[in-house]
Amino acid sequence: MTTTPSSSDANTERTEVLKDEQNVVNTVLRFTSNTKIKIDACIDYSRPSLVIQIGDLKKAFLDARSRGVKLRYITEITENNVGYCRELMKMVDEVRHIDGIKGSFYLNETEYIAPATFHAKGSPASQIIRSNVKEIVEHHQHFVFDSLWARAIPAEQRIKEIEEGSIPHHHETKVSENQDEIFQKIRDFIETDHTDKIGLMLQPILQKQSKDAKRQSELIKQLQSQIKQLQKEVSEIHKNMARSGEI
């Protein structure tokens with residue numbers, strides 16, 4: 001186990017990497033048992049089966065929900081895992097779909113955990129990252145999970161698409177930890193998706209800015225016209241003075 005920084009104080013902020021499949025499972029079990037309010041999970045297409053097949057994990061998430069913990073999951077729902085996703089929908093509060101998820105992570109109110117390696121089918125990863133560093137938890141909550149959640153579609157809609165054979169060509173979505181890139185994506189999303197609540201909220205501001213810009217443009221044109229007129233008048237004054245011999 002690698003821990004940074006090293007401390008025996010359970011309240012000390014730290015990030016650690018735990019190895020061995022059993023340690024990975026135990027970390028997830030402690031994570032769920034420590035959760036009091038909510039669990040937000042972003043998992044790749046292979047993970048729904050693990051939640052269903054590994055009995056201890058399934059029980060842990062069901063116990064958390066029975067305590068009133070709210071569980072939200074984002075995953076990639078495919079023709080191959082749709083059955084597991086249906087089961088997952090019965091266990092958690094809400095499941096959403098998004099294309100191309102690579103890697104997985106889980107968040108509660110104080111912790112972030114993420115499998116650090118790929119895993120064999122039906123088995124957990126052999127390493128897992130755990131962190132209770134406030135900046136890391138908040139970064140993944142607000143800049144990663146919440147952004148993906150806003151773009152994801154309800155699982156029911158995706159499953160209907162699969163069943164009807166009318167799967168649209170979704171844009172690939174990648175998990176990014178670059179804040180500048182995330183902010184730019186959010187700005188692009190607001191500008192292009194006018195049905196989004198955020199976009200609707202910002203429309204009056206954008207319209208006001210547009211009106212202000214138009215008003216400023218008109219003022220600039222007026223000033224330019226006035227400057228040209230003044231230049232013309234000054235030129236006439238100089239000509240008259242030259243003719244009268246004053247200059």
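These figures come from a predicted structure and were not determined experimentally.
Within the 3.5 Å criterion, the main-chain N or O of Ile136 finds a donor-acceptor partner in the side chain of His140. A distance-only check finds no donor-acceptor pair linking the side chain of Asn108 to the backbone of Ile39 [under 3.5 Å]. Remark: side-chain polar atoms of Ser131 are not paired, donor with acceptor, to backbone N or O of Tyr112 under 3.5 angstrom. Of the possible polar contacts, none joining the Asn81 side chain to the Ser49 backbone as a donor-acceptor pair under 3.5 Å is found. A side-chain donor-acceptor contact under 3.5 Å links Thr78 to the backbone of Asn80. Thr35 contributes no side-chain N or O that, together with a main-chain N or O of Lys38, makes up a donor-acceptor pair within less than 3.5 Å.
Closest approach of Lys58 and Ile52 over heavy atoms only: CD-O, 3.8 Å. Here the shortest heavy-atom pairing between Lys19 and Gln127 reads CG-CG, 3.8 Å. Closest of all the heavy-atom pairs between Ile98 and Arg151 is CD1-CB, 4.1 Å. Nearest approach of Tyr106 to Ala41, heavy atoms of both residues: CD2-CB, 3.5 Å. Closest non-hydrogen pair, Arg65 versus Lys90, comes out as NH1-O, 3.1 Å. Minimum heavy-atom separation, Ile159 to Val82: CG1-CG2, 3.8 Å.
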>> Applying salt bridge (charged side-chain N to carboxylate O under 4.0 Å, His left out) to Arg96 and Glu94, what does each step give before you reach the verdict?
In response: CA-CA 7 Å; Arg96 292 189 183 183; Glu94 188 172 359; 3.1 Å; yes
>> Please determine whether side chain to side chain contact (heavy atoms under 4.5 Å, CB included) holds for the pair Arg158 and Asp99, giving the CA-CA distance in whole Å, both sets of side-chain angles, and the decisive distance to 0.1 Å.
In response: CA-CA 10 Å; Arg158 173 63 172 180; Asp99 285 344; 4.2 Å; yes
> Could you walk me through whether Ile129 and Ile113 pass the side chain to side chain contact (heavy atoms under 4.5 Å, CB included) check?
Replying inline: CA-CA 5 Å; Ile129 299 169; Ile113 60 173; over 6 Å; no
> So Ile101 and Ile43, side chain to side chain contact (heavy atoms under 4.5 Å, CB included) or not? Walk me through it.
Replying inline: CA-CA 7 Å; Ile101 291 177; Ile43 58 177; over 6 Å; no
> After noting the C-alpha distance and the side-chain angles of Arg72 and Asp40, does the key distance pass the salt bridge (charged side-chain N to carboxylate O under 4.0 Å, His left out) rule?
Replying inline: CA-CA 5 Å; Arg72 299 189 300 173; Asp40 287 336; 2.9 Å; yes
> Could you walk me through whether Arg130 and Glu111 pass the salt bridge (charged side-chain N to carboxylate O under 4.0 Å, His left out) check?
Replying inline: CA-CA 7 Å; Arg130 176 195 169 275; Glu111 292 180 279; 2.8 Å; yes
> Can you check side chain to side chain contact (heavy atoms under 4.5 Å, CB included) on Asp146 and Gln141, steps first, answer last?
Replying inline: CA-CA 6 Å; Asp146 289 349; Gln141 180 68 65; 3.0 Å; yes
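Side-chain contact, Tyr84 with Gln53: a donor N or O sits under 3.5 Å from an acceptor N or O. Side-chain contact check for Ser66 and Asp63: no donor-acceptor pair (N or O, by modelled atom type) lies under 3.5 Å. In summary, the side chains of Asp44 and Ser46 do present a donor paired with an acceptor at a separation below 3.5 Å, with no hydrogens or angles considered.
Between atom CD1 of residue Ile54 and atom NZ of residue Lys59 there is a gap of 15.5 Å, rounded to the nearest 0.5 Å. Taken from SG in Cys42 to OH in Tyr73, the straight-line distance is 11.0 Å, to the nearest 0.5 Å. In this structure, CZ in Arg67 is found 11.0 Å from CG in Leu62, a value given to the nearest 0.5 Å.
Proximity of Phe145 to Ile74: side-chain heavy atoms (C-beta onward) are separated by under 4.5 Å at one or more points. Looking at heavy atoms from C-beta onward, Leu88 lies in side-chain contact with Val51 at the 4.5 angstrom threshold. With contacts defined as side-chain heavy-atom distances shorter than 4.5 Å, the pair Ser126/Asp20 does not qualify. Side-chain atoms of Thr110 and Asn132, non-hydrogen and from C-beta on, never get closer than 4.5 Å to each other. Side-chain contact between Cys85 and His97: absent, with no pair of heavy atoms (C-beta onward) separated by less than 4.5 Å.
In the displayed structure, Phe31 atom CZ is contacted under 6.0 Å by more than 12 heavy atoms of other residues, nucleotides or ligands.
Taking Glu76 as the reference, nothing meets the salt bridge (charged side-chain N to carboxylate O under 4.0 Å, His left out) condition, with sequence neighbours excluded. Legend: residues meeting side chain to side chain contact (heavy atoms under 4.5 Å, CB included) with Leu29, ordered by chain and number and at least two apart, are Val25, Asn26, Asp56, Leu57, Ala60.
No salt bridge links Glu163 with Lys160; every basic N to acidic carboxylate O contact stays at or beyond 4.0 Å.
Hydrophobic cluster membership differs between Ile162 and Tyr45, with clusters built from Ile, Leu, Val, Met, Phe, Trp and Tyr side chains linked at under 4.5 angstrom.
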